[in-house]
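Reviewing the structure listed below.
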Amino acid sequence: MTRSLPRHRGRLKRAPIFAVAGVAAVGLAVPAVIAAAAVAAEPDGPDTKPPLLNTSILAPAPSGWHHGDPDYRAHAIERGGSEVDSISYSIDGGPVVIEHDDQVAIDMSADGVHEIEIWTIDTVGNESFHQRHTVKVDTVAPTITLPTATEFTVGQKAVFTYLCEDAISGVKSCDADVPNKEPLRTSTPGEYVVHVAATDEAGHVTNAEYRYTVVESDDTPPVVELRLAPEPASGWYQSYLGAAVVASDPSGVASVHYVTDGAVSTNGDVVGESEATFDLTVDGVTDITYWAFDEAGNGSERRTSTVRIDTVEPRIDIASPALPNPLAASEFEVEQGAVVPLEFECVDAHSGIESCGASDNRPAAAALSALPTDELGEQSVKLVARDNAGNVTKTQIVYTVVEASDEAPVEPGDTDGEGQDGAGGPTSPASPASSASSASSASVGSGLADTGFPLMPAVLLAGGLVVAGGIALTARAALRARR
């Protein structure tokens, strides 16, 4: 990039010889003259002398680096009677830039080392000598990297390490109150400051301060706790919950850790924070072990807490009476006075059963072992199960008590009052004598039957006794006759 300067043209019958190689006393740049000589032009002869090209630049640092815009300028002077046509230049081997003027200002402020080639031509084609200059520019100050640790305990070994860098001209000097890689003072509590200064080859200076604190030794482990919702009186939570392990320490918490075992199995390690959070979303018993470390390396004691969760209601299994749908009220009929056993079981998978019972609408003191059937009409029995977490399940058995049937069972061989035997066949007619005999037999049978003794064995026994008695009397009469 160039900046055109005010143009001044004119023929010089004699051009002086001069050279510039330094800086003016007031601090401004003095043009550096590259041309070796300028001789007087022949007033009437042809112009064969090339123009003279003067270039100027601000004085760099002793290292040759400019710390800002070097203000590079060029001025062409005609020597042979013609006029300056243009000034041409190329930077870092790039394309040639032609400026049709006798003065130009070229932008050379980009950081880095640049090579410029520049020359001039007059209107009759005389070309000057090609000048080549090296321009070094560094506009960025150096950087300083300091340690990250800023707190130490009394007597702790702390080495001060720092780094000065400059990517363009390079670091000329890098100094600090404490030499690099030497120990810091930690013998007494307090706050300390170390000054660091860096200078690059272009003359830029960077200053930095490293501040650190020395505190009393920390031998106390951090305080750590497990934060949960308040535990119910039963010891069992009836809903899922979140948990947090929270640590605190005057010197700062370095890390927090936890491990869970049981219904929930997980672990966590949180570095650089004083809190770790997680969720418990499974029914059952979970043991949580937790601990923490402080910045001084002290570790807390590992603590373990047990969390019990039961969000599921207990179950009631009904064995008797047999119900179409044991989980809902079931309606059926029962005869009055009938014995219907009541058998059921309460089951809970997590906290266990606290109570399991049955009741009806009457204030019965004893637990029910059978359905009440003494009163007619619709009846119900309530079943209630409660687990140790407080979850409750209720159901009921609904039934109707109806009058018992009057029909008595008919045994085979008996008559039904209409001339039919127990098998349903007709009976044969009987004679009066046989009727009387039958009536007598029925009366005895009825009596014996009432006592539960069999009829035919009794008749045979009586006949045997009569025969035995007759034989005894006959034997006695015969004995008397012999006498």
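Judged by distance alone, with hydrogens and angles left aside, the side-chain atoms of Ser255 form no donor-acceptor pair with the main-chain N or O of Val270 at under 3.5 Å. Under the 3.5 Å distance criterion, the side-chain polar atoms of Asp249 are left unmatched by any main-chain donor or acceptor of Asp294. At least one donor-acceptor pair under 3.5 Å links the side chain of Asp200 to the backbone N or O of His204. Without hydrogens or angle criteria, Thr186 side chain to Gln156 main chain gives a donor-acceptor distance under 3.5 Å. Not one N or O on the side chain of Tyr89 forms a donor-acceptor pair closer than 3.5 Å with the backbone of Glu99. No side-chain donor-acceptor contact under 3.5 Å links Asp348 to the backbone of Ile353. The backbone N or O of Pro341 sits less than 3.5 Å from a side-chain atom of Ser320, completing a donor-acceptor pair. Side-chain atoms of Ser300 come within 3.5 Å of backbone N or O of Ala292 as a donor-acceptor pair. Under the 3.5 Å distance criterion, the side-chain polar atoms of Gln336 are matched with a main-chain donor or acceptor of Asp374. Panel note: side chain Asp261, backbone Ser265; no donor-acceptor pair is recorded below 3.5 Å.
For Gly93 against Ser90, the heavy-atom pair with the smallest separation is C-OG, 3.7 Å. Residues Cys174 and Tyr162 approach most closely at SG-CE1, 3.4 Å, considering heavy atoms. Closest approach of Leu241 to Ala229, counting heavy atoms only: CD1-N, 4.2 Å. In terms of heavy atoms, Cys164 sits closest to Val171 at O-CG2, 3.7 Å. Residues Val256 and Glu273 approach most closely at CG2-O, 3.5 Å, considering heavy atoms. Summarising the geometry of Tyr72 relative to Ile116, their closest heavy-atom pair is CE2-CD1, 3.8 Å, with the distance given to 0.1 Å.
Taking a 6.0 Å sphere around NZ of Lys172, one finds it holds 12 or fewer heavy atoms contributed by other residues, nucleotides or ligands. Other residues, nucleotides and ligands place no more than 12 heavy atoms under 6.0 Å from the CD atom of Glu403.
A distance of 11.0 Å separates OG1 of Thr393 from CG of Leu383, quoted to the nearest 0.5 Å. Interatomic distance, Leu146 CG to Leu163 CG, rounded to the nearest 0.5 Å: 10.0 Å. Separation of atoms CD1 (Ile309) and OG (Ser239) is listed at 7.5 Å; rounding is to 0.5 Å. In this structure, NE2 in His133 is found 12.5 Å from CD1 in Ile91, a value given to the nearest 0.5 Å. The distance from atom CZ of Arg303 to atom OG1 of Thr289, rounded to the nearest 0.5 Å, is 11.5 Å. Atom CH2 of Trp236 sits about 8.0 Å away from atom CG of Asn388, to the nearest 0.5 Å.
Taking Phe278 as the reference, Tyr258 meet the ring-ring contact (aromatic ring centres under 6.0 Å, His included) condition, with sequence neighbours excluded. Residues passing the ring-ring contact (aromatic ring centres under 6.0 Å, His included) test with Phe344: none are found, sequence neighbours excluded.
Residue pairs meeting the side chain to side chain donor-acceptor pair (under 3.5 Å) criterion with at least one partner in residues 217-235, sequence neighbours excluded, are Asp218-Ser251, Glu225-Arg227.
A salt bridge does not link Asp138 with Lys136: every distance from a Lys NZ or Arg NE/NH1/NH2 to an Asp or Glu carboxylate oxygen is 4.0 Å or more. For the pair Arg211 and Glu209, the salt-bridge criterion is met [side-chain N within less than 4.0 Å of a carboxylate O]. Comment: Asp317 engages Arg315 in a salt bridge, judged by a side-chain N to carboxylate O separation of less than 4.0 angstrom.
There is a side-chain donor-acceptor pair under 3.5 Å between Thr311 and Asp283. At a cut-off of 3.5 Å, with distance as the only test, no side-chain donor of Thr260 or Thr266 sits close to an acceptor on the other residue. Side-chain polar atoms of Glu333 and Thr400 form no donor-acceptor pair below 3.5 angstrom. With 3.5 Å as the limit, one finds a donor-acceptor pair spanning the side chains of Gln238 and Asn391.
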Please evaluate residues Arg308 and Asp310 with respect to the criterion salt bridge (charged side-chain N to carboxylate O under 4.0 Å, His left out), reporting the C-alpha separation (whole Å), side-chain torsions for both, the decisive distance (0.1 Å), and the verdict. CA-CA 7 Å; Arg308 300 172 178 85; Asp310 185 358; over 6 Å; no

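Annotation: Tyr210 is in aromatic contact with Phe160 [ring centroid separation under 6.0 Å].
Under the 30°/60° scheme for interplanar angles, the aromatic rings of Trp291 and His257 are found to lie parallel.
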